[in-house]
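The structure appears right after this line, and notes come after that.
What you see is a predicted model, and the numbers here were worked out from it, not measured in a lab. All heavy atoms count here, side chains included; hydrogens, waters and symmetry mates do not.
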Amino acid sequence: RLNDVRMKNEDVVVFVNHDDTIERALSILNKNKRSTLPIIQKQQNKIYGLLELKDIFAALLNAKQGVNAPVTEVATDDIEQTLALTVAEVCKHKPSSSVNTMKKYQPVSTAMEIMAKGAHEVLVLSGENEYNHDHPAGILSRVTQSSIVEKVCSIMEQAKKNDDEVSTNINDVISSNLESLGMFSVVDESDVDQLNPYLYSVSESDSVAHATSLLIIYNLQAVPVIDDSQVLVDNFSIKDLSSTNPSNWTDIFNMSIKSFKEKSKTPKMIARDATLFEVVNTLVSEKIRRLWIVNDNKQPIGVISQTDVLKFLVGDMLMKQTKYNFFTPSEIAQHNGMDDCWVSLLGRVYNLTPLIEKEANNPLIAPLVRVFGQDISHWFNASTYDVKTHIHPVTATRAYYTPQGRFLHVPTSYTGSFESKPWWKDNQYVIGLVSQKTRKIRLVNMLTHQDHTLEVCQEETMNQILKRYEAINAHAVSYTWKRLGIPLDMTKTLSENGIEDEDASFENLGIAEKYYPV
């Protein structure tokens, strides 16, 4: 669970208000050494969006020349105008869905899937609606890519010592080298100009403004800095600008990268034949986000980051899955019979059909029978993942709190432990996760003009949505899926395809949910 991987410093909730100025936001970012901050709308106690350091510099450089070409210099007027903007003005084009949130009891695998798509952190929510200054909008803490990768590293080390099936699968993935993973591409090593045709880079003589705008235009986290022989001498990222004073920005943006980073250390690099295990170990031990892949001459030919590591591991997990990862509450509600019984609790979906068949004559299944197809999270303690307890009013001793009646695998008296694994901790019954948010989409078959509305999970990719649609149209896979004439990337979610969830906007406008357009 997410609770198991949080670092101590991640429990500190730092945020910015949507009406704060960029100057104040920068101060908060620098003081707390953060590159991102959740944006809170105090009046409604809601998460408004996510402010990234990159957004601030994008506003600054875009004010000068737009996003079509790198800029070469920055004027003082541009800086003053940018600092005076509000956070809401800078982030007005970013949807609230750009913030990734989860509940503290959800599994790490879900966070891994989110981070494998590029998110550097996930906010952990309590689910409470009342405003609390220490936990605005219910934010308890955050989990970062670094903490997840550190946990992954310990799992990898343990897997090398074991010989079970799971460990074997992990070892198969982590023993892959960077070349087999496709992490770089070299056209012709004898031609220096073709060493890194798919890797953006900057030279030492390029200005800081040029390098920064390159990061923004191509949505990069960092670029390698090379000398005249294309040897890697440094790297440049937005974070390099995080501790700079805005009063010095005019000079900083107009100076060369070499002058700006004259005291920086040589960037961490790794050989092309390194394994994924070596990469993860280096990332964790050096406390860095990325490694530059170099050839024998120390010329950059690729890069591997924390995001890439999680992408490989998540990809391997997903290839082994044949069922949906996520279910809507309405889907769960349909499975409410003795021969088809599901329940959800603390974000997980359980298929209890085999258990109920086995225990058909046991009277302790009665409380479960009454809640088939429903969520029973309120029966359990979200922190311990066990049945809730209380002080019994008669015996004055601790007892399991089961007002609905004692159910299967709950002991008659409180012992603090179980003789065997109870069903709610047995992963053989877990078939997926409850969607945090469902969306309704309208699908039109342009050949037959048939029109259908589907309720889908916001976490699902278009390929998973296609699987749902196959129940209506068996030929769904043979069609090209488009929106407004633009083909969709079937490996991405609706939001990642630019189809944002606008429910929050409809709610702000006072539109009843039943009238929300799909």
Gln306 side, atom CD; Leu291 side, atom CG - distance, nearest 0.5 Å: 9.5 Å
Non-neighbouring partners of Ser242 that pass side-chain hydrogen bond (donor to acceptor under 3.5 Å, both in side chains), sequence neighbours left out: none
For Phe506, all residues meeting ring pair (Phe, Tyr, Trp, His ring centres under 6.0 Å), sequence neighbours excluded: Tyr516
Check: Ile139 and Leu125 side chains under 4.5 Å, non-hydrogen atoms: yes
Flag, side chain of Asp55 to backbone of Leu51, donor-acceptor distance under 3.5 Å: no
Heavy-atom check, side chain of Arg290 versus side chain of Pro224, under 4.5 Å: no
Non-neighbouring partners of Ser505 that pass side chain to side chain contact (heavy atoms under 4.5 Å, CB included), sequence neighbours left out: none
Considering all heavy atoms, the nearest Thr244-Asn30 contact: O-ND2, 4.2 Å
Chi angles and distances behind the side-chain contact (heavy atoms from CB on, under 4.5 Å) call for Leu37, Val14: CA-CA 7 Å; Leu37 287 176; Val14 184; 3.5 Å; yes
Residue pair Ser203, Ser205: steps toward the side-chain hydrogen bond (donor to acceptor under 3.5 Å, both in side chains) verdict: CA-CA 5 Å; Ser203 68; Ser205 59; 3.1 Å; yes
Donor-acceptor side-chain pairing of Ser305 and Gln221 below 3.5 angstrom: no
Gln464 (side chain) donor-acceptor with Thr461 (main chain) under 3.5 angstrom: yes
Atom pair CD1 (Ile252) and OG (Ser247), whose distance is rounded to the nearest 0.5 Å: 8.0 Å
Intermediate values then yes/no, side-chain contact (heavy atoms from CB on, under 4.5 Å), Tyr479 and Leu466: CA-CA 10 Å; Tyr479 292 108; Leu466 183 152; over 6 Å; no
With sequence neighbours excluded, residues passing side chain to side chain contact (heavy atoms under 4.5 Å, CB included) with Val294: Leu232, Met269
Which residues share a side chain to side chain contact (heavy atoms under 4.5 Å, CB included) with Asn427, sequence neighbours left out: Arg348, Val430
Interatomic spacing from CZ in Arg34 to CG in Leu29 - rounded to 0.5 Å: 9.5 Å
His120: partners by ring pair (Phe, Tyr, Trp, His ring centres under 6.0 Å), with sequence neighbours left out: none
Atom NZ of Lys33 with >12 non-hydrogen neighbours under 6.0 angstrom: no
Heavy-atom pair with the smallest gap, counting every atom of Asn297 and Val231: O-CG2, 3.8 Å
Ring pair (Phe, Tyr, Trp, His ring centres under 6.0 Å) partners for Trp292, two or more places apart: none
Counterpart residues, ring pair (Phe, Tyr, Trp, His ring centres under 6.0 Å), relative to Phe57 (two or more places apart): Trp249, Phe253
Spatial distance of atom CD1 (Ile301) from atom CG (Asn295) [nearest 0.5 Å]: 5.5 Å
Pairing residues for Thr282 by the side-chain hydrogen bond (donor to acceptor under 3.5 Å, both in side chains) criterion, not counting sequence neighbours: none
Point-to-point distance, once rounded to the nearest 0.5 Å, from CG of Asp206 to CD1 of Ile226: 9.0 Å
Nearest-0.5 Å distance that lies between atom NZ in Lys54 and atom CD1 in Ile238: 6.5 Å
Lys268, NZ: over 12 other non-hydrogen atoms inside 6.0 angstrom: no
Pairing residues for Thr21 by the side-chain hydrogen bond (donor to acceptor under 3.5 Å, both in side chains) criterion, not counting sequence neighbours: none
Any residue meeting side-chain hydrogen bond (donor to acceptor under 3.5 Å, both in side chains) with Glu459, in chain and number order, not counting sequence neighbours: Ser435
Results of side chain to side chain contact (heavy atoms under 4.5 Å, CB included) for Val225 - residues two or more places apart only: Val202, Glu204, Val233, Asp234, Phe236, Ile257
Side chains of Leu26 and Leu53 in contact at under 4.5 Å (non-hydrogen atoms): yes
Lys258 NZ: over 12 foreign heavy atoms closer than 6.0 Å: no
